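Source: prediction; values computed, not measured. A, B, ... follow the sequence lines: proteins, then strands. Residue 1 opens every chain.
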There are 2 protein chains.
Amino acid sequence: MWLHSETDETDMDKKDIRILKAIAGEGTNSPDKIQDITGIPKSTVHYRLKQLREEGVLKNDLMEMDLSEIGVDITLISEVYAEFGEGYHTTVGEKLEAIEGVNQVYFTMGDTDFVVIANVTKRAMVESIIEDYESIAEIERTSSKFVISTVKDETYPINDFEYETLVDTLAEK
Amino acid sequence: MWLHSETDETDMDKKDIRILKAIAGEGTNSPDKIQDITGIPKSTVHYRLKQLREEGVLKNDLMEMDLSEIGVDITLISEVYAEFGEGYHTTVGEKLEAIEGVNQVYFTMGDTDFVVIANVTKRAMVESIIEDYESIAEIERTSSKFVISTVKDETYPINDFEYETLVDTLAEK
DNA sequence: ATTGAAACTTGATCGTT
DNA sequence: AACGATCAAGTTTCAAT
C-alpha cells in the first residue's frame, strides 16, 4: 500500500482499451452498445469485461451524478495537518473519511498532512465540517479553500451516497 | 456557473434517497436488484430513475475502476497559480484539463489559482506533467505534493478514460 | 405516482473454430 | 481467445388504481 506493490500484473491490451474508451465515451457498459460502437462482438466484449472484473480492474456499476443538481454545490478543499505518530495516518484518515460530506481523503508526502475534499449543500455545513476536522484529536491545524467552479469532474459517481439529510435540507429552503 | 444558479429545483424525496443509497451500497443500477434490496417494486424503481435522469440528476452509467490495478498508482495534487486576467479562469482551466493524466481541475477562491489532481503510471510522467502545467502561458508558479495513499476514493469511475499510452507503457516495463 | 403482469430487449452461456 | 447462435434473465411498457 506504500507506493505500489505486489503483483502488478494486468494483461490489458489495445482491445481492452478500445472497450474501456467506448464505455467512458458513451456512458454505457452494455455489451450490446459497445458492440455497436467498436464492432467487437458482444460475446467477446462480455468475455473481456468478465476478465477485467476478475483481475480487479473493474468493480461496481456506478451512475454519474450531478451533485449541483441536488443542491450540493459547495466544494471545499482542505489541507489538514496532523501530528506524527504511529498509525496516525490510518487513525486520522479514517476519522476524516467518516465525516458527512467528505468525499476524498489523500494522505500526502512531506509533512504529515491530508488533502480532504468535501461537497455540501449549505454554507453553514462548511463551518461545521471544518470544526469536525479540527476536533479530531491529533489535528494540528487546517487550511481550507472554496471551489468557485469545477473545470473538470463536475459530475460525481454515486459510490458513497451519504446525503441522508438532503431531503430535509431541501425542505427547509 | 458562479456559485449556484438558475432552476435549483429537484423533486427528490426519501424514496429516491433509498434508491440512490441502494445503488451506491450494492454497486448496481439494476431495477431488479434494487427491488430486492429496498422492497420497492422494480417498475417503480424504473419510474423514479427515469425521472431523475430527466431532471439531470443522474447521467451516464459508469464502472468503478481501480486505477492502481492497471499501474496508474501515482497521484499528484498541485496548486497552480495563474495570472489574473479576463477569461483566464476558463482558458487556463481548459488547458489544464486537456493534459493527459489530469483528472480533476478546481478553480478556487482567493488568489487566482487552481487545484489540479493527476493520476499517472510512472515517476517520469510526474515531471512531464508539472512541466506541462508550467508551460501554459499564464501560469505564475506551481506547487505540488505526492499522494502516499488514498484513504478514500481509491477506485475511480471510468468517465474519462484517456490512458491510450497505457498498453505501451506497460509493455516497456 | 404506484404497481403486477405482459411484452420485449439484452446480457450471459455454450459449442465451435 | 474469438465469436455466432441460443436462451435465460433482465428491463421496459402498459393498463388499472
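The residues A:E162 and B:K21 are annotated as not salt-bridged, no charged nitrogen and carboxylate oxygen being separated by less than 4.0 angstrom. Between B:K145 and A:D113, at least one side-chain nitrogen of the basic residue sits less than 4.0 Å from a carboxylate oxygen of the acidic one, meeting the salt-bridge criterion. Residues B:K95 and B:D132 are not paired through a salt bridge, judged by the lack of any N-O separation under 4.0 Å between the basic side chain and the carboxylate.
Rounded to whole angstrom, the span from the CD1 atom of B:I19 across to the C1' atom of D:dT11 amounts to 15 Å. Put simply, NZ on A:K15 is 7 Å from C1' on D:dA2, counting in whole angstrom units. Atom NZ of A:K14 is separated from atom P of D:dA1 by 19 Å (rounded to the nearest Å). Taking atom CD of B:Q35 as the reference point, atom C1' of D:dT11 lies 12 Å away to the nearest angstrom. Distance, B:Q51 CD to D:dT13 C1': 16 Å, rounded to whole Å. Following rounding to the nearest Å, A:L49 (CG) and D:dA1 (C1') show an atom-to-atom distance of 15 Å. When rounded to the nearest whole Å, the span between CD1 of A:I40 and P of C:dG11 equals 15 Å. The distance between atom CG of B:D32 and atom C1' of C:dT9, rounded to the nearest whole Å, is 14 Å.
Of the candidates C:dT10, D:dC3, D:dT12, D:dT12 carries the atom nearest the B:H46 side chain, counting heavy atoms from C-beta on. Of the candidates D:dG4, D:dA2, C:dA5, the closest approach to any side-chain atom of B:S43 belongs to C:dA5. Nearest nucleotide to the A:P31 side chain, out of C:dA1, D:dT13, C:dA12: C:dA12. The B:R48 side chain lies nearest to C:dA1 when the options are D:dC3, C:dA1, C:dT10.
Judged by distance alone, with hydrogens and angles left aside, B:S30 brings no side-chain donor or acceptor close enough to the base of D:dG10 to form a pair under 3.5 Å.
Position along DNA chain D of the nearest nucleotide to A:K42 versus A:Y47 favours A:Y47 as the more 5'-ward residue.
Residue contacts shown for B:K33 are absent, as no nucleic acid heavy atom lies under 4.0 Å away.
Between A:F114 and A:F107, the ring planes are tilted. Angles from 30° to 60° get that label.
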Can B:F146 and B:R123 be said to form a side-chain contact (heavy atoms from CB on, under 4.5 Å), step by step?
-> CA-CA 10 Å; B:F146 279 102; B:R123 196 70 171 238; 3.5 Å; yes
